Structure formats: C-alpha cells, structure tokens
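Just so it is clear, the values below take in all heavy atoms, side chains as well, and ignore hydrogens, waters and symmetry mates. Throughout, protein chains are lettered first and strands after them, A, B, ... in sequence-line order, and every chain is numbered starting at 1. Computed from a predicted structure; not experimentally measured.
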Protein chains: 2
Amino acid sequence: MDGFEYENGLNQDLDSETLFIVSQTFKALGDPTRIRILNLLSKKECSVNEIVETLDIRQSTVSHQLRFLKNLRLVKYRREGTTLYYSHDDEHVMLILKQMIDHACHS
Amino acid sequence: MDGFEYENGLNQDLDSETLFIVSQTFKALGDPTRIRILNLLSKKECSVNEIVETLDIRQSTVSHQLRFLKNLRLVKYRREGTTLYYSHDDEHVMLILKQMIDHACHS
DNA sequence: TCCTTATATGAACACATTAGCATATATTGA
DNA sequence: TCAATATATGCTAATGTGTTCATATAAGGA
C-alpha cells in the first residue's frame, strides 16, 4: 500500500504542504525589518511613508518587504488617493508574533 | 535628552536586543528541516540516528541543524554511552510551533 | 496636459544559508 | 590497544536573501 505511512496518524512527520506554509510564515517573521513593520502595523494602520519615517528605513526597502508580506497575506492595504494604508491581515500570525516578543522580553 | 525616544512607552519600535532574539528564533523555525526535527522532538526524545532514520535526512545535516538549535537553546541532549538523546528545551517556542502548524493545517 | 507626490519595480551586489562529502572525535567493548 | 559505532566538524558549492540605486507607474491637482 504505497504512501500508507503518509495517511495515518502514526507518521511523525508533517505533510509537505503544511511544512511549506509553516516554514514560509516563520521565514517571513525571521527578518528584523519585517518584524519591525509588522509590530508597527499591530499598533496602527500606516501609510508606506509613515512606516518609512517611523522606522527610518528606505522607501524601496519598505515597499519590497510589504510586497513580501502581502504575498503571504500577512498584510493588506486600502487606497486613499495616492496614499496606500497598510494593515495586518492575519490575526493568528500577529498573535504568534506578539507571543514571541513577550517571550523574548521576559527571558 | 539623548535616546529619550528609546526609553518611553510612546516609541512604537522594538529595542534591538528583543528584535535580535525574536528574529533569530523565528529564523530557526523558518527552515523545513529544522521544523521537521523540532516537530519530531515535540513528540519524543530521539537519538541523532533515530532522527536520521525517521526523517530520512543525512547524518551530517541533522547534526549541523541540531547544533544550530542547541546554540539557540531550543534543544538539549543527554548522553547514554555513545548515543546522544536530544529533546526540546523551550516549551514556549514549541507551543508557538504547534500553534503555527495547527494554523497551517486549518487554513 | 504637466507637475508633484506616493508607491512600486527591476537589476545588481553583498552576504547568509543549506546540504553534502570527507574526515575527525568520542565512547564502548573485545 | 584496536575496531566498531555514534556523532560532530571543516570545507565547499549552490542557492537564497536583503538592501540599494535608479527608474517606472499611478493618482490628484493646477
């Protein structure tokens, strides 16, 4: 019975799709710049320029990282004129981020 | 007053030490091989060889990744003869891993 | 339409990461 | 001491990642 070991509860390994999503998401959280952006967005919706000025990161860097986070559906945006307001888009991941920050602070 | 903005609660950014720990830890979780190893160790203590055979990963790769996880104090080991038994060493991080896996499964 | 502001994109570079091979080390038992 | 087993380490090639500069696009107002 081919693939049996991948279909029952005895297998101690993760299926490849779950593994991919989990590693991708943690990878997104594994960069200081992205963490700072997400941490800021956890507090308030921000335009790209607000992020640039608050965190003192170059505009193109912020834009690249926002695209990265957008692709993973970790952030979303709404337009108002020429301004784009970004906000977080995954409550659960934001909660995990907060937990890790708290864990790091108290360790 | 130099550095004032880094010492009060108004600052929306994270301090650099917290940022470093958080990003390092998430980076550790951002690799499929390390996730598989940690997931296995979340279920039971394992020797290096058990990890190698259960997950079908080369011995040197497992050993390298275990050292990586050990440096971050995410795993620990005990010796029994020539065999080293590894287990997880950070309940909170393991809980975060479990949460992310559950999140990925149900999405 | 033209200018200005806001944001996105593409290319290139420096740097980090990962896996694999070969080999080293360490422990046990004969 | 020597062999066998278990694990760690050094090096390297391939690949991936993050930032920057320069430039493009898009929307609004004059």
Problem set entry | Pair B:Tyr86 + B:Tyr77: ring centers closer than 6.0 Å |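 Yes, ring centres under 6.0 Å apart.
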
Exercise. Within this structure, what is the CD-to-P distance between A:Glu50 and C:dT5, rounded to whole angstrom?
Worked result: 18 Å

Exercise. Taking CZ from A:Arg79 and C1' from C:dA6, how many angstroms apart are they, rounded to a whole number?
Worked result: 9 Å

Problem set entry | By salt bridge (Lys or Arg N to Asp or Glu O under 4.0 Å) - contacts of B:Glu80 (at least two apart) |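 Applying salt bridge (Lys or Arg N to Asp or Glu O under 4.0 Å) to B:Glu80 gives B:Arg78.
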
For this session: Determine, using the 4.5 Å side-chain heavy-atom cutoff (strictly less than), whether B:Met94 and B:Leu72 are members of one ILVMFWY cluster.
Result: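 Yes, it is one cluster - the side chains of B:Met94 and B:Leu72 are joined through contacts under 4.5 Å.
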
For this session: Would you mind reading off the distance between B:Asn49 atom CG and D:dT5 atom P, rounded to a whole angstrom?
Result: 11 Å

Exercise. When you measure from the side chain of A:Leu84, which nucleotide among C:dT7, D:dA6, C:dT9 comes out closest?
Worked result: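 Looking only at heavy atoms from C-beta outward on A:Leu84, the closest nucleotide is C:dT7.
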
Exercise. For the side chain of A:Thr82, counting heavy atoms from C-beta on, which of C:dG10, C:dA6, C:dT7 is nearest?
Worked result: C:dA6

For this session: Evaluate the side-chain proximity of B:Leu66 to B:Ile37: yes if any heavy-atom separation is below 4.5 Å, no if none is.
Result: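 Of all side-chain heavy-atom pairs linking B:Leu66 with B:Ile37, at least one is under 4.5 Å.
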
Exercise. What is the distance, rounded to the nearest whole Å, between atom CZ of B:Arg67 and atom P of C:dT25?
Worked result: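 Taking CZ of B:Arg67 and P of C:dT25, I get 14 Å after rounding.
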
Problem set entry | Rounded distance (Å) that lies between atom P of D:dA27 and atom CZ of A:Arg78 |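 My rounded result for the distance is 16 Å.
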
Exercise. Can you tell if the side chain of A:Asp90 reaches within under 4.5 Å of the side chain of B:His103, non-hydrogen atoms only?
Worked result: yes

For this session: Please collect all salt bridge (Lys or Arg N to Asp or Glu O under 4.0 Å) contacts where either partner lies in residues 33-44 of chain B, sequence neighbours excluded, each pair once.
Result: A:Asp13-B:Arg36, B:Lys44-B:Glu50

Exercise. What nucleic acid atoms does A:Tyr85 come within less than 4.0 Å of, heavy atoms only: base, sugar-phosphate, or nothing?
Worked result: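 Answer is nothing: A:Tyr85 stays at 4.0 Å or more from every strand.
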
Exercise. Over how many whole Å does the gap from A:Leu66 atom CG to C:dT9 atom P extend?
Worked result: 11 Å

For this session: Can you see which heavy atom on B:Asp31 is nearest to which on B:Gln65, and at what distance?
Result: OD2-NE2, 3.8 Å

Problem set entry | Between C:dT7 (P) and A:Tyr86 (OH): distance, integer Å | 9 Å

Seminar exercise, completed: Counting primed atoms, P, OP1 and OP2 as sugar-phosphate and everything else as base, the B/S/- map of nucleotides 13-23 of chain C against protein heavy atoms under 4.0 Å is ----SSSBBB-

Exercise. What integer distance in Å separates A:Tyr77:OH from D:dA27:P?
Worked result: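 Taking atom P of D:dA27 as the reference, OH of A:Tyr77 is at 10 Å.
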
